[in-house]
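Notes follow once the structure below has been shown.
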Amino acid sequence: MAITIDLTGRVIMITGAAGGIGSEAAKLFAQTGATLLMTDISENVLSQAELVNQSGGKALAVIADISKPDEVENVVATGVRELGRLDFAFNNAGIGGIGGALEDLDLENWNKVVSINLSSVAACMKYQAKAMRKNGGGVIVNNSSVLGLGAIKDSSLVYTAAKHGVIGLTKQAALNYGPDIRINAVCPGLIDTSLVADGGQGHDDEWFMQRIPVGRKGLPIDIGNAVLFLCSDMASYMTGSTVLVDGGFLLS
C-alpha cells in the first residue's frame, strides 16, 4: 500500500532553493500540498518558484544572502506575513571550500565558508524556531554531509569543519527545543549537483564510484526524500538524529 504524505496548509522554508538539492526538495514538497518559502542569493530562485506555481503549487521566492542575519530575519518575517505561518525548514544552502595543506589555509575562504555553511544555519534556526513556536512547533532539517561524520583525505579543511559543526549544532538545538521543535540533520554523500561538478568534494567521480556499494551517484531527489521523511509524522520520534544518505560510501 502506498503511503501518502499530505502537507496541505503547511509551510516550509528552503534555503539554497535556486537549484540542485534545494529546488528538487521544493518540487517534492509542493507535490504534498505544502506551500514553499524559497530563498537563495541567486535570482534563479524566482524562476524555480514560478515553475512550482505554474504546476499548480504555491511558492514564494525571496532573494537573500543567508550569511547576513538581518536578511535571514527578513525572509522568515516575509514568509510569515505573506503565507501566514512556518511549519518546516530545510537549511540547505552551502558552498564548497578550498582544499590544501593546513599551513596553506586561506583564512578569508575559511571565514566565508563557515559563515555560509555553519553560522547561517544558526541564524536561520533562530528565526525559524521563533516563528514555528507561534503555531505550536515544527520541524527543522539541516543539510550536513558525509564530511560532517568523518573525513576524506585531501578534502577541504573548512568544509569538513563546518559540516561537523552543523551536526553539533543540530544535536544541541534538538535537546534545547524538544518537544516543541524536532531538529535533525541529513548527510549527503556524492550527489549529482554543481558542488560535486566543481570538485567540491576533493576527488573525481571515479574515486567515489569505486567506494559506493549501490553503484551510482546520488540524485538531489534522494536527499529530498530523506528531508520529506524527517518532516513527516513518520519521523515523529526522531530528533537530534543524523540521517546518512550516501549509497554506503562511509562503509568503505
Quick one, V243 with C187, criterion side-chain contact (heavy atoms from CB on, under 4.5 Å). Give me CA distance, side-chain angles, the key distance, then yes/no. CA-CA 6 Å; V243 177; C187 298; over 6 Å; no

Partner residues of [X] under the salt bridge (Lys or Arg N to Asp or Glu O under 4.0 Å) criterion, sequence neighbours left out:
X    : result
R10  : D87
K171 : none
E71  : none
D246 : none

Apply side-chain hydrogen bond (donor to acceptor under 3.5 Å, both in side chains) to D70 and list each qualifying residue two or more places apart in sequence or on a separate chain. none

Can you confirm whether [X] sits close enough to [Y] that some side-chain heavy atom of one is under 4.5 Å from a side-chain heavy atom of the other?
X    : Y    : result
R85  : V80  : no
M132 : V139 : no
I191 : P188 : yes
L37  : T35  : no
F249 : L190 : no
V62  : M38  : no
L28  : I221 : yes
I21  : F90  : yes

Looking at [X] and [Y], what are the two nearest heavy atoms and their distance?
X    : Y    : answer
V186 : A226 : CG2-CB, 4.0 Å
K217 : D192 : NZ-OD1, 3.6 Å
V45  : A61  : O-CB, 3.6 Å
I181 : G137 : CG1-CA, 4.3 Å
G97  : V113 : CA-CG2, 3.9 Å
I167 : G148 : CD1-O, 3.2 Å

By side-chain contact (heavy atoms from CB on, under 4.5 Å) - contacts of [X] (at least two apart):
X    : answer
D222 : R216, L219, V245
S241 : N184, M238
K112 : I95, I116
D106 : I98, E108, N109

Are there over 12 heavy-atom neighbours, none belonging to D233, within less than 6.0 Å of that residue's CG? no

Looking at [X] and [Y], would you say the former's side chain and the latter's main chain have a donor-acceptor pair under 3.5 Å?
X    : Y    : answer
R182 : L230 : yes
S23  : A18  : no
T160 : L157 : no
K163 : V158 : no
S144 : A185 : no

Under the side-chain contact (heavy atoms from CB on, under 4.5 Å) criterion, do T78 and L60 qualify, and how do the steps go? CA-CA 9 Å; T78 300; L60 171 67; 4.2 Å; yes

dist F88:CZ -> T32:OG1 (nearest 0.5 Å) comes out at 8.0 Å

Nearest-0.5 Å distance that lies between atom SG in C124 and atom CD1 in I66: 5.5 Å

Strictly by salt bridge (Lys or Arg N to Asp or Glu O under 4.0 Å), give each pair with a member in residues 11-40 just once, sequence neighbours left out. E24-K27

Taking it one step at a time, do T39 and I63 satisfy side-chain contact (heavy atoms from CB on, under 4.5 Å)? CA-CA 6 Å; T39 188; I63 297 172; over 6 Å; no

Say whether [X] and [Y] are linked into one hydrophobic cluster, either directly or through other cluster members, by side-chain heavy-atom distances under 4.5 angstrom.
X    : Y    : value
L147 : F208 : yes
Y177 : L175 : no
F29  : L51  : no
L169 : W110 : yes
I14  : I5   : yes

Should N74 and V72 be marked as a side-chain contact (heavy atoms from CB on, under 4.5 Å) after you check the CA-CA gap, both sets of side-chain angles, and the distance that decides it? CA-CA 5 Å; N74 178 64; V72 173; over 6 Å; no

Output every pair passing side-chain hydrogen bond (donor to acceptor under 3.5 Å, both in side chains) with a member in residues 125-134, not counting sequence neighbours, ordered by first then second residue. N91-Q128

Tell me the side-chain hydrogen bond (donor to acceptor under 3.5 Å, both in side chains) pairs involving residues 45-69, sequence neighbours left out? E50-Q54, D65-S67

Can you name the one residue among T242, T15, T170 that meets side-chain hydrogen bond (donor to acceptor under 3.5 Å, both in side chains) with N142? T170

